[in-house]
**Student:** 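Just passing along the structure, written as structure tokens.
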Amino acid sequence: RLCKIRNPWGNFEWTGEWGDKDPRWTPQLKQICGYTEIDDGTFFMKFEDVDRLFADCDICRYYENYMTTSFKSTCEDDHSVYFKVSITTPGHYYLQVHLPNIRKSGHFTQDFSFPAATIILSSVQATAGGYKFGYIGHKTESDKDVWVEGDLQVGNYIIYVRIESQFKRSDPQICVSSYGPERTVFEQLE
């Protein structure tokens, strides 16, 4: 049994059994499993290895032909960051903010909780007098992955992210990502 796994940070793929370089991958098996050699954070593992090595996992939506784009950044506690995301193909998109796993947080205890992460998605259009913004959705949640979704047209959108923490996080890294019918382009705004 194989599990197809996506690392939302997009920069690590499994190198053990059934990793990208495993000689057991035949052209027919690659086609059946939807295997690609793109370094996008998606990889395969034996179920037994997943069970042995992962303390937790999230089951995500999966759509044939959807693509993931990830962008790493930082967000200090009680501060906000903004990103422009450019959509080139209309469709239904999921936009997420990911926090480092609790194993890397430096604060893992029995009563550990993730800081509250807020993500707000809005459309943005240039006008003669400046910009016009249109609210699409938001979510605030104390979890490692917080997301919003929407039917997006071709154009530019703004993602607002804020992390509210009850303690100083040792790792201010975040990752924003999109999952939809086409890859997107992220740009952090000053």
Side-chain angles (χ1 to χ4, degrees), residues 4-14 20 36-43 56-63 65-106 114-126 131 133-165 168-190:
K4 186 174 186 179
I5 298 174
R6 180 179 68 89
N7 175 355
W9 294 80
N11 66 341
F12 170 81
E13 294 188 13
W14 173 248
D20 285 352
T36 63
E37 294 187 27
I38 299 171
D39 187 19
D40 62 355
T42 302
F43 55 92
D56 68 343
C57 70
D58 294 311
I59 307 300
C60 302
R61 299 174 194 267
Y62 175 77
Y63 298 104
N65 300 322
Y66 264 36
M67 296 179 215
T68 300
T69 306
S70 298
F71 183 86
K72 288 187 215 173
S73 184
T74 59
C75 183
E76 296 294 335
D77 296 341
D78 305 322
H79 289 83
S80 304
V81 290
Y82 297 85
F83 302 91
K84 179 174 88 171
V85 60
S86 299
I87 303 291
T88 58
T89 300
H92 197 79
Y93 286 83
Y94 299 87
L95 295 133
Q96 305 167 18
V97 59
H98 310 276
L99 300 177
N101 194 298
I102 56 177
R103 293 174 297 176
K104 294 176 65 180
S105 71
F114 281 95
T118 298
I119 182 170
I120 300 173
L121 174 64
S122 68
S123 61
V124 62
Q125 293 178 338
Y131 294 97
F133 295 91
Y135 172 82
I136 295 172
H138 82 280
K139 187 179 278 186
T140 298
E141 202 168 280
S142 293
D143 203 347
K144 70 177 187 239
D145 300 305
V146 181
W147 55 272
V148 293
E149 63 181 298
D151 292 319
L152 306 182
Q153 300 303 312
V154 172
N156 293 317
Y157 296 83
I158 299 294
I159 298 173
Y160 162 91
V161 173
R162 183 169 178 87
I163 309 297
E164 303 266 346
S165 185
K168 177 122 176 85
R169 294 179 300 141
S170 60
D171 185 355
Q173 283 192 39
I174 63 168
C175 178
V176 290
S177 70
S178 66
Y179 182 61
E182 187 62 57
R183 292 190 187 281
T184 59
V185 176
F186 285 101
E187 176 186 343
Q188 185 162 345
L189 303 174
E190 296 298 322

**Student:** Please indicate whether Tyr135 has more than 12 foreign heavy atoms, meaning atoms of other residues, nucleotides or ligands, lying under 6.0 Å from its OH.
**Tutor:** yes
**Student:** If you measure from CD1 on Ile163 to SG on Cys75, what distance do you get to the nearest 0.5 Å?
**Tutor:** 5.0 Å
**Student:** What distance do Ser86 atom OG and Glu187 atom CD have between them, rounded to the nearest 0.5 Å?
**Tutor:** 7.5 Å
**Student:** side-chain hydrogen bond (donor to acceptor under 3.5 Å, both in side chains) with Thr184: which residues, sequence neighbours excluded?
**Tutor:** Ser178
**Student:** Working to the nearest 0.5 Å, report the span between CG of Asp20 and CZ of Phe43.
**Tutor:**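 If I round to the nearest 0.5 Å, the distance is 9.5 Å.
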**Student:** Would you say Arg162's side chain and Ile119's backbone share a donor-acceptor pair under 3.5 angstrom?
**Tutor:**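 A pair under 3.5 Å: no.
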**Student:** Counting only heavy atoms not in His79 (residues, nucleotides, ligands), do more than 12 fall under 6.0 Å from its NE2?
**Tutor:**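 12 or below, so no.
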**Student:** Tyr94 versus Ser177: any side-chain heavy-atom pair under 4.5 Å?
**Tutor:**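 Counting from C-beta outward, Tyr94 and Ser177 never come under 4.5 Å.
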**Student:** If you measure from CG on Leu152 to CG on Leu95, what distance do you get to the nearest 0.5 Å?
**Tutor:** 6.5 Å
**Student:** Below 30° counts as parallel, above 60° as perpendicular, anything between as tilted: where do the rings of Tyr66 and Tyr179 land?
**Tutor:** perpendicular
**Student:** Could you go through the side-chain contact (heavy atoms from CB on, under 4.5 Å) check for Val161 and Ile174 one step at a time?
**Tutor:** CA-CA 10 Å; Val161 173; Ile174 63 168; 4.1 Å; yes
**Student:** Provide the closest heavy-atom pair for Asp78 versus Glu164 in the form atom of the first, atom of the second, distance.
**Tutor:** OD1-OE1, 3.2 Å
**Student:** Could you state the interatomic distance from OG (Ser73) to CD (Gln173), rounded to the nearest 0.5 Å?
**Tutor:**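 That separation rounds to 9.0 Å.
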